[in-house]
Amino acid sequence: MDPVLARRLNGALNRVLGKDRADRGWEPVVGAVVVQSVAQAPPGFDARFSALSRAYRYRVADARTGHDPLTRTFSWWVDPQLDVAAMDGAVRELLGLHDFLSYCKPRAGATTVRELQRATVDRDEHGMITVALTADAFCHHMVRSVVGALVRVGEGRHGPSWPGEQLRASTRDAAIVMAPAHGLVLDAVAYPDDALLAERARVTRARRGGD
């Protein structure tokens, strides 16, 4: 890409990101998303279907963390102190290739089969709990539904085996609450080498059907 064009596009994107909220009657939040650099995509690149994996993080604050005004906009506050070890054990029951129908909002003609590649729940030195999930892809509302189920385990309402039992039931249960959106962050997206981008996109489209 021409360096001048890249610089102008970079500046233009940073000026407009967040302004689309005004169309909905909300206050603009310019700077909510910041573009660090712009480059021309390789031939065959598809941002969605060429990806090998996506990684999400979801933050939860509880009684041990305490209320913190600096983190309230990007973490879900729950009242009791959560059992992080139980949550971490529970999420590992979901690892592997499964039908995640129980944890997503299905779309017509699209598969709900996904491969959860990595999953952990831990608490940092400040008490903040982070649920980290990596998969080849995620269904609609899947991360927030998994977090909602894990919090129920952490609260002691269900045992560590419950999320896995719900997964194998392959049916949406009202007991699985969906965590609020504001605690969710897309952490990373991994892609193959440039020469493999088009083939990866072709294979992914074929596997997911109408997804």
Side-chain angles (χ1 to χ4, degrees), residues 18 21 24-29 31-34 53-96 98-106 112 114 116-135 137-189:
R21 292 167 53 91
R24 304 183 184 184
W26 303 339
E27 285 294 320
V29 186
V33 178
V34 178
S53 66
R54 285 97 166 155
Y56 281 91
R57 292 181 183 271
Y58 193 101
R59 291 176 175 85
V60 182
D62 64 356
R64 179 172 168 184
T65 315
H67 285 288
D68 185 348
L70 298 180
T71 63
R72 66 183 179 83
T73 59
F74 60 85
S75 63
W76 177 21
W77 167 262
V78 294
D79 288 327
Q81 180 170 323
L82 301 177
D83 185 339
V84 173
M87 294 168 67
D88 187 58
V91 77
R92 294 176 190 275
E93 295 292 317
L94 307 180
L95 285 167
H98 304 287
D99 185 345
F100 280 90
L101 177 62
S102 302
Y103 290 97
C104 67
K105 182 178 180 181
T112 51
R114 296 290 188 270
L116 187 61
Q117 301 165 347
R118 289 183 292 278
T120 59
V121 183
D122 59 28
R123 188 190 293 274
D124 66 19
E125 65 273 19
H126 304 294
M128 184 68 72
I129 299 167
T130 298
V131 180
L133 304 175
T134 301
F138 289 91
C139 302
H140 193 46
H141 292 165
M142 178 175 158
V143 176
R144 292 166 60 193
S145 296
V146 167
V147 172
L150 295 177
V151 166
R152 289 294 181 258
V153 171
E155 291 172 331
R157 301 191 190 193
H158 300 283
S161 64
W162 181 69
E165 293 166 357
Q166 294 300 305
L167 175 71
R168 292 183 287 274
S170 294
T171 183
R172 185 75 180 186
D173 190 323
I176 298 179
V177 299
M178 190 163 63
H182 66 271
L184 182 63
V185 174
L186 175 62
D187 194 45
V189 182

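Below, each value reflects all heavy atoms present in this structure, side chains not excepted, and no hydrogens, waters or symmetry copies. Bear in mind the structure is a predicted one, so any value in this text is a computation, not a measurement.
- Here A86 pairs with D83, V153, P160 under the side chain to side chain contact (heavy atoms under 4.5 Å, CB included) rule; sequence neighbours left out.
- For the atom pair CG of L95 and CG of L116, the computed distance is 5.0 Å after rounding to the nearest 0.5 Å.
- Legend: residues meeting side chain to side chain contact (heavy atoms under 4.5 Å, CB included) with D79, ordered by chain and number and at least two apart, are W77.
- Side chains of V185 and R59 form a contact here, defined as non-hydrogen atoms less than 4.5 Å apart.
- Looking at every heavy atom in both residues, Y103 comes nearest to G164 through OH-N, 4.5 Å.
- Each salt bridge (charged side-chain N to carboxylate O under 4.0 Å, His left out) pair with one or both residues in residues 123-132, not counting sequence neighbours, appears once here: D62-R123.
- Remark: side-chain polar atoms of S102 are paired, donor with acceptor, to backbone N or O of Q166 under 3.5 angstrom.
- Rounded to the nearest 0.5 angstrom, Q81 CD and I129 CD1 are separated by 8.0 Å.
- Legend: residues meeting salt bridge (charged side-chain N to carboxylate O under 4.0 Å, His left out) with D88, ordered by chain and number and at least two apart, are R92.
- Atom CG of L184 and atom OH of Y58 lie 7.5 Å apart (nearest 0.5 Å).
- Residues passing the side chain to side chain contact (heavy atoms under 4.5 Å, CB included) test with R118 are T134, sequence neighbours excluded.
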Can you give me every donor-acceptor pair (side chain of residues 67-76, partner residue at least two apart or in another chain, under 3.5 Å) with its distance?
| residue | atom | partner | partner atom | Å |
| --- | --- | --- | --- | --- |
| D68 | OD1 | L70 | N | 2.9 |
| T71 | OG1 | D68 | O | 3.3 |
| S75 | OG | T71 | O | 2.8 |

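- Within the structure, side chain to side chain donor-acceptor pair (under 3.5 Å) contacts touching residues 167-187 (residues at least two apart or in different chains) are R57-D187, S145-R172.
- Residue pairs meeting the salt bridge (charged side-chain N to carboxylate O under 4.0 Å, His left out) criterion with at least one member in residues 140-165, sequence neighbours excluded: R152-E155, E155-R157.
- Considering only heavy atoms from C-beta on, V146 stays 4.5 Å or farther from P163 through its side chain.
- Residues satisfying the side-chain hydrogen bond (donor to acceptor under 3.5 Å, both in side chains) test with H140, not counting sequence neighbours, are R107.
- Note: R114 CZ to F100 CZ = 9.5 Å, rounded to the nearest 0.5 Å.
- Annotation: side chain to side chain contact (heavy atoms under 4.5 Å, CB included) contacts of V189 (sequence neighbours excluded): A51, R54, L186, Y191.
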